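Reviewing the structure listed below.
Only a predicted model underlies this, so the values are computations on that prediction, with no experimental measurement involved.
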Protein chains: 4
Amino acid sequence: MQFTNDKPIYIQIIDMIEEKILRRQWSTEERVPSVRELGASIEVNPNTVMRAYDKLQQDGIFFNKRGVGFYVSASALELILETRRKLFLEQEAPNFFQSAKLLNVSLEELTKLYHQTSNT
Amino acid sequence: MQFTNDKPIYIQIIDMIEEKILRRQWSTEERVPSVRELGASIEVNPNTVMRAYDKLQQDGIFFNKRGVGFYVSASALELILETRRKLFLEQEAPNFFQSAKLLNVSLEELTKLYHQTSNT
Amino acid sequence: MQFTNDKPIYIQIIDMIEEKILRRQWSTEERVPSVRELGASIEVNPNTVMRAYDKLQQDGIFFNKRGVGFYVSASALELILETRRKLFLEQEAPNFFQSAKLLNVSLEELTKLYHQTSNT
Amino acid sequence: MQFTNDKPIYIQIIDMIEEKILRRQWSTEERVPSVRELGASIEVNPNTVMRAYDKLQQDGIFFNKRGVGFYVSASALELILETRRKLFLEQEAPNFFQSAKLLNVSLEELTKLYHQTSNT
DNA sequence: GTGGTCTAGACCACC
DNA sequence: GTGGTCTAGACCACA
């Protein structure tokens, strides 16, 4: 996995996991890789993965069976959708459209870009 | 000036200056405030302002007359527009629309948001 | 380390590092001393070392693993050689030979000086 | 006239003047432009030109007739040649050839470059 | 007056 | 531990 330098790695891991859940690649109530496994596969210190899992657990997206591992919670999908939609509508969209106007990108161009964007 | 905590101050200064240029509040070939002046007016250490000016100079947006001060370069507006448009079209827009699709925000909703966005 | 007064310290640090890489004393993909370490060893403020590292990173000679340290990039040697050769052939050499001609230093004398120059 | 940022302007003016003398464009005992004249023609503050003239006078290259102007001294050419040759042979040449060796520029290439260099 | 460099010391997030 | 940012204060050369 490739990491950018503008965000902490553990945040990028969280984003990746949330995307996997959103895309139904990781299902509800499913056990997720151990911190060591995931750490090894994406070449990141297990502590950093742990930090991401911790945050996800705090947010109610993961839960933990002691000595067994982490699981995707039943309400995970709903939670992620809710918070992300809120962020998207209240923060990202206004910023995005304001940028567009400042840069003279018209509604037509935006619509075209919208249709060009793949779902992957 | 108000600063947020999610970005370094010197970056926020750069953003502010680029916006001023984009909005034609600072014109090409015009002398800009000295590091001390700007520092005093926005209550930031002159070193921090210097760091912003330095970056802007590296990017060709400012140039410098020795012992006199910094100036907005002739190509500043063009440079900013070019890099920002590129970033917008190639990075931000795809990410944004992909998010929209992932979150089931329809084109109609987006269009509505577009029209709601103020130009300021 | 000895510093001269005709160049900023951070530039002299950059030069020293590039020379180390050119002479294969610091290898590609190798971790370099932390800003604090190097600062202590050459008796310079860590901020000044940081400034040098920052520039090297901008130029693609260093890269950075978050929370770990700076590394010599894979293309470092190539980059340094390329830019230095270009500078040498297009700027320094013409200036040098023009000076020689202006000062009536003959090709024979230059050749002699060439052979006298040590490789260190 | 074009100025670089890596050297003070007054030094660049001195260099330019010395070159003019070396090339016999300004002759011995000849009156040189006033500080105001030269300042206007190269778009530099007269104070800065004055600083250059001052230094040249200190070095014995110019002399001054009060109320009349500055003149190229009789020994100017000799003085310039002497100091420049010394600098060239003891500093510039060793540095130059050491660079050449570090960058694997052979004697043949250097000789070729020598012949390519125009005298202008 | 201007930019530019440097130090010392502090604080922070991240790994 | 690591980089990274910021401040306060100093000093300097240059225009």
Side-chain angles (χ1 to χ4, degrees), chain A residues 3 5-13 35 39 43-52 54-55, chain B residues 3 5-13 31-40 42-57 62-71, chain C residues 3 5-13 31-40 42-57 62-71, chain D residues 3 5-13 35 39 43-52 54-55:
Chain A
F3 296 103
N5 276 323
D6 59 327
K7 275 198 235 175
I9 293 180
Y10 83 97
I11 296 283
Q12 297 182 55
I13 295 175
V35 288
E43 290 177 317
V44 154
N45 191 307
N47 289 329
T48 308
V49 178
M50 189 52 182
R51 190 162 181 179
D54 231 38
K55 179 73 161 41
Chain B
F3 295 106
N5 277 323
D6 60 325
K7 277 197 227 174
I9 293 180
Y10 78 92
I11 296 284
Q12 297 181 55
I13 295 175
R31 187 168 170 279
V32 303
S34 77
V35 287
R36 288 175 183 83
E37 271 172 22
L38 185 58
I42 62 178
E43 290 177 314
V44 153
N45 190 294
N47 284 334
T48 306
V49 178
M50 178 60 123
R51 192 164 178 183
Y53 279 22
D54 208 45
K55 181 73 162 38
L56 287 164
Q57 190 176 20
F62 277 4
F63 68 93
N64 188 300
K65 286 193 196 166
R66 299 182 61 122
V68 183
F70 285 92
Y71 290 73
Chain C
F3 295 105
N5 276 324
D6 60 327
K7 277 196 228 176
I9 293 181
Y10 78 92
I11 296 284
Q12 296 181 54
I13 295 175
R31 188 170 170 278
V32 303
S34 78
V35 287
R36 288 176 183 80
E37 271 172 23
L38 186 58
I42 61 178
E43 290 178 314
V44 153
N45 190 293
N47 284 335
T48 306
V49 178
M50 178 60 121
R51 191 165 179 182
Y53 280 22
D54 208 46
K55 180 72 162 41
L56 287 164
Q57 190 176 21
F62 277 4
F63 67 94
N64 187 300
K65 288 193 194 166
R66 298 182 60 122
V68 183
F70 284 92
Y71 291 74
Chain D
F3 296 102
N5 276 324
D6 59 327
K7 275 197 234 175
I9 292 180
Y10 83 97
I11 296 282
Q12 297 181 55
I13 294 174
V35 287
E43 288 177 320
V44 154
N45 190 306
N47 290 329
T48 308
V49 178
M50 189 53 184
R51 191 162 180 177
D54 232 37
K55 179 75 162 38

Q. Has the side chain of R36(C) got a donor or acceptor that lies under 3.5 Å from a partner of the other kind on the base of dG3(F)?
A.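 Such a pair exists between side chain and base.
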Q) Does the dG9(E) base have a donor-acceptor partner in the side chain of N47(C) within less than 3.5 Å? A)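 In this structure, the two groups form a donor-acceptor pair.
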Q. Are the side chains of Y10(D) and D54(D) in touch, meaning some heavy atoms are under 4.5 Å apart?
A.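 Contact flag for Y10(D)/D54(D) side chains = no.
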Q | Student check: side-chain heavy atoms of F3(C) and I42(C) closer than 4.5 Å | A |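 The answer is yes, as the side chains (C-beta and beyond) meet within the 4.5 Å cut-off.
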Between [options], spot the one nearest the side chain of [X], thanks.
{"X": "Y10(B)", "options": "dC14(E), dC6(F), dT2(F)", "value": "dC6(F)"}
{"X": "R51(C)", "options": "dC6(F), dC15(E), dT5(E)", "value": "dT5(E)"}
{"X": "I9(B)", "options": "dC14(F), dC6(F), dT7(E)", "value": "dC6(F)"}
{"X": "R31(C)", "options": "dC15(E), dT2(F), dT7(E)", "value": "dT2(F)"}

Q. Looking at CE of M50(B) and CD1 of I13(B), how far apart are the two atoms once the value is rounded to the nearest 0.5 Å?
A.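 Between atom CE of M50(B) and atom CD1 of I13(B) there are 12.5 Å.
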(Q) Go nucleotide by nucleotide along DNA chain E from the 5' end; which of G67(B) and N45(A) gets its closest nucleotide reached first? (A)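 Taking each residue's closest nucleotide, the earlier one in sequence belongs to G67(B).
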Q: Would you kindly compare G69(B) and I11(C) by the position of their nearest DNA chain E nucleotide and give the one closer to the 5′ end?
A: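 The answer here is G69(B).
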[X] side-chain N/O to [N] phosphate OP1/OP2 under 4.0 Å:
{"X": "N64(C)", "N": "dG4(F)", "value": "yes"}
{"X": "T48(C)", "N": "dC6(E)", "value": "no"}
{"X": "R66(C)", "N": "dC15(E)", "value": "yes"}

How long is the line joining [atom1] of [X] and [atom2] of [N], in whole Å?
{"X": "K55(D)", "N": "dA13(F)", "atom1": "NZ", "atom2": "P", "answer": "14 Å"}
{"X": "E43(C)", "N": "dA8(E)", "atom1": "CD", "atom2": "P", "answer": "11 Å"}
{"X": "F62(B)", "N": "dG4(E)", "atom1": "CZ", "atom2": "P", "answer": "12 Å"}
{"X": "N5(D)", "N": "dT2(E)", "atom1": "CG", "atom2": "C1'", "answer": "13 Å"}
{"X": "D6(C)", "N": "dC6(E)", "atom1": "CG", "atom2": "P", "answer": "12 Å"}
{"X": "F70(B)", "N": "dG4(E)", "atom1": "CZ", "atom2": "P", "answer": "4 Å"}

(Q) Under 3.5 Å for both donor-acceptor distances, Watson-Crick or wobble: does dG9(E) have a partner, and if so which one? (A)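 Across all strands, the one nucleotide that pairs with dG9(E) is dC6(F).
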Q) Which one is paired to dC14(E), where only Watson-Crick or G-U wobble pairs with both distances under 3.5 angstrom count? A)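 dC14(E) is paired with dG1(F).
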Q | Short side-chain to backbone donor-acceptor contact, R31(B) and V68(B), under 3.5 Å | A |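 Side chain of R31(B) to backbone of V68(B), a donor-acceptor pair under 3.5 Å: yes, one is there.
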**Q.** N/O donor-acceptor pair under 3.5 Å between R66(C) side chain and N5(A) backbone
**A.**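 Side chain of R66(C) to backbone of N5(A), a donor-acceptor pair under 3.5 Å: yes, one is there.
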Base, sugar-phosphate or nothing for [X]? Non-hydrogen atoms, less than 4.0 Å.
{"X": "Q12(C)", "answer": "nothing"}
{"X": "Y53(B)", "answer": "nothing"}
{"X": "V44(B)", "answer": "sugar-phosphate"}

Q) Start at the 5' end of DNA chain F and walk down; is the nucleotide closest to M50(C) or to K7(D) reached first? A)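 That would be M50(C).
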(Q) If you assign P8(D) and E37(C) each to the DNA chain F nucleotide with the nearest heavy atom, which residue ends up on the more 5' nucleotide? (A)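 Result of the comparison: E37(C).
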(Q) Would you call the rings of F70(B) and F62(B) parallel, tilted or perpendicular, taking 30° and 60° as the class edges? (A)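 Rings of F70(B) and F62(B): tilted, 30 to 60°.
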